[in-house]
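Since we're looking at a predicted model, the values are computed, not measured. All ligand and atom numbering here is 1-based and tracks the order in the structure.
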Amino acid sequence: MNVISSPLHLIERARSVIDISTLLSRNPRQGGFYPRDFDVDPHTGFFPPQPLPPLPRNFSIWEKALEEAPEVLCLAENESEEALAKRPLGEKWRKTVQSWPVLDTTRLRDNIRSLQKAHMVLAFLLHYYAHSIQKPSKDASILIPRSISVPLVAVSRELGIAPVLTFADTVLWNWEFVNPQESLSVNNIRYVNLLSGSETEQAFYVVSAAVELKGVEMLQIIEGFMNLPNTSELSAVTKIKDDLLRLKKIVDELTDIFQSVRETVDPTEFYWLCRPWWSGSESKPNSQPTWIFEDVPDYAKLDLSGPSAGQSTVMHALDVFLDIDHKLVHHHRQPAPSDNNKKADRGFMERMRRYMPGKHREYLTRVGAVPCSVRAVANLNPGLREPYNGAVDALKRLRDIHIRIACIYVVTKTNSTPPPQAGIVSCHGQGPEDGRARGTGGNQVSSLLKAGRDATNRAKLPAV
Ligand code: HEM
């Protein structure tokens, strides 16, 4: 369909013109927008500016067990000689964890960095525990001991984040400086806890960190827009134009960073050595989740999907700022969604927000609640359309590249043979039941990612 002459676009434009002039005349842009209110640092964004400090001394059993875990634990399906030799040690480690008292986390409440550290340590322990244990069958349940489940749920509630390993635990909170005299940058960061212990896992976190740190420049643009007193003034329009042009360049650089995974992240190791550790509790409709959190009432309602870069607040911020409609609620946008787009999981992005720290989720809510979005402003100002569309196009290209990456690292690996170092003797039951590749969160990867790419494309404004 020719989007330029589409009557639906004209209607959409006319509507937004009416809505927006009403909004502007009410001057709703009052009260400042301060990223610090959302635990967002001006220089490091969603990263804390310093590595998280150790926990108070009476929680040191957790930190010691985490330090010991890589020495004594292997994935349950690993039957290599080394893994078999470790099994009694792993058994002992899990027994010790079971015997721990349930530590009271109330005293951590007043310090967000301690809560984050506790979440990270406990969530890593959870994944080490759950994925190292031998199960009679793939679907058998595992009892997560109260010494992990109770404090993990408690600190998660304080932070407003899911009680499972998340992007924040693996990427935002799990690093140390290479050189503590220098500031945080992608060249001065080293990841501490690696479930698989592989270079690939380290490299994947580093690439994700590079995206987060580059993304800080986008957060500055968003802040500038949110704090404009009046978007109809000429000076504001000029600033928005410059910022959109800058945003396009930043997104192009993000695309280069995404592509760089090909140099450092090995697809076979990624799929066979890292992903099994990351996966969360399987939950099928109408059946028990595989992880049962001891002494946690309503454990079946917990969000337990496991980490995904889909939980990166910086990437969501870009979507929210540009007003990308993942849920397909704006029916006038063109081209209309395909049948596959409609069938894809429209709630995925929103669900992923539950795996973000609550304050970061609030940041997104606040940016999304701006009375007059940058898309709406561009719709009103013909001179802004091209810069806006340029930024959207750049994000669409990023998603095209991301789809290719997911295809190489996940989709085509689904039916591949595990490498010897995975120690998997029988491949039975490894692949998804319907033979189609699924993501960390159990989604059909290709259609999910393509739907996101198409939703991005649909945000573009028709030429006037
Ligand atoms: C080896 C590299 C990568 C692979 C194989 C990969 C794979 C995937 C897969 C399979 C999904 C579907 C959802 C899920 O399974 O959780 C996904 C979603 C997502 N990933 Fe990646 N990813 C990679 C790198 C990255 C990086 C570096 C980022 C940047 C933070 C990122 C950001 C996202 C986002 C934001 C989503 C949500 C869907 C979307 O926005 O289109 N990914 N990825």
Side-chain angles (χ1 to χ4, degrees), residues 45-47 162 164-168 170-172 186 198 200-216 218 251 253-275 278-280 303 305-320 322 324-327 341 344-356 364 395-414 432 436-457 459:
F46 296 108
F47 272 101
V164 71
L165 198 66
T166 64
F167 181 80
T170 51
V171 176
L172 301 180
V186 72
S198 67
T200 277
E201 188 177 345
Q202 174 79 241
F204 181 68
Y205 297 157
V206 169
V207 174
S208 307
V211 170
E212 289 295 310
L213 291 171
K214 186 78 218 166
V216 173
M218 305 195 301
V251 178
E253 286 176 59
L254 291 182
T255 306
D256 292 341
I257 298 173
F258 268 65
Q259 304 240 48
S260 73
V261 291
R262 299 285 287 131
E263 291 151 33
T264 53
V265 179
D266 177 76
T268 302
E269 287 192 4
F270 180 86
Y271 188 83
W272 288 106
L273 305 186
C274 303
R275 272 175 60 95
W278 288 327
S279 69
D303 290 309
S305 260
S308 157
Q311 296 157 4
S312 151
T313 316
V314 118
M315 294 303 296
H316 281 246
L318 181 56
D319 277 343
V320 174
L322 291 174
I324 308 301
D325 174 24
H326 287 288
K327 287 166 84 185
N341 287 168
D345 181 354
R346 295 180 211 183
F348 177 78
M349 293 302 268
E350 186 149 296
R351 229 173 31 254
M352 286 299 109
R353 287 193 190 192
R354 306 208 294 252
Y355 294 81
M356 295 174 191
L364 296 177
L395 182 56
K396 186 213 160 248
R397 279 196 305 275
L398 177 146
R399 288 208 153 100
D400 276 325
I401 296 293
H402 183 239
I403 291 169
R404 264 187 250 162
I405 293 170
C407 195
I408 294 166
Y409 284 78
V410 180
V411 180
T412 59
K413 286 284 160 203
T414 309
R436 286 147 94 187
R438 284 166 190 275
T440 322
N443 298 285
Q444 287 175 12
V445 169
S446 310
S447 55
L448 175 80
L449 298 180
K450 283 181 188 159
R453 186 263 323 268
D454 296 345
T456 307
N457 192 40

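Contacts of Leu449 with ligand 1, taken as heavy-atom pairs under 4.0 Å, involve the side chain alone. With a heavy-atom cut-off of 4.0 Å, Met349 touches ligand 1 through its side chain alone. For Val314, no heavy-atom contact with ligand 1 is shorter than 4.0 Å. Residue contacts with ligand 1, taken as heavy atom pairs separated by less than 4.0 Å, involve Arg399 solely via side-chain atoms from C-beta onward.
Nearest residue to atom 4 (C) of ligand 1 from Asp319, Ile405, Ile257 is Ile405 (criterion: closest heavy atom).
Side chain of Tyr355 to backbone of Ser305: a donor-acceptor contact under 3.5 angstrom is found.
Under a 4.0 Å criterion applied to the non-hydrogen atoms of Ser308, ligand 1 contributes the atoms 14 (C), 16 (O). For ligand 1, the atoms sitting less than 4.0 Å from at least one non-hydrogen atom of Val445 are 10 (C), numbered in the order shown with element in parentheses. Near Met315, with a cut-off below 4.0 Å to any heavy atom, the atoms of ligand 1 are 30 (C), 35 (C). For ligand 1 and Leu448, the ligand atoms under 4.0 Å from any heavy atom of the residue are 12 (C), 13 (C).
If you take CE on Met349 and CD1 on Ile324, they are separated by 10.0 Å, rounding to the nearest 0.5 Å. Between the CE atom in Met352 and the CD atom in Gln311 there is a gap of 5.5 Å [rounded to 0.5 Å].
Among all heavy-atom pairs drawn from Ile257 and Val207, the shortest one is O-CG1, 3.7 Å. What you find for Thr456 and Leu395 is that their closest heavy atoms are CG2-CG, 3.8 Å.
Counting just the N/O/S atoms of His402, the one with the shortest distance to atom 21 (Fe) of ligand 1 is named NE2.
Among the atoms of Glu212, none of the N or O lies under 3.5 angstrom from an N or O of ligand 1. Taking any N or O of Ser312, backbone or side chain, none lies under 3.5 Å from an N or O belonging to ligand 1.
When each of Lys396, Arg404, Arg397, His402 is checked for a side chain to side chain donor-acceptor pair (under 3.5 Å) with Asp400, only Lys396 meets the rule.
In this structure the side chain of Tyr271 reaches within 4.5 angstrom of the side chain of Thr414, judged on heavy atoms. At least one side-chain heavy atom of Cys274 sits less than 4.5 Å from a side-chain heavy atom of Ser198.
Taking a 4.0 Å cut-off on heavy atoms, Gly452 fails to register as neighbouring ligand 1.
Aromatic pair Phe270/Trp278: centroids less than 6.0 angstrom apart.
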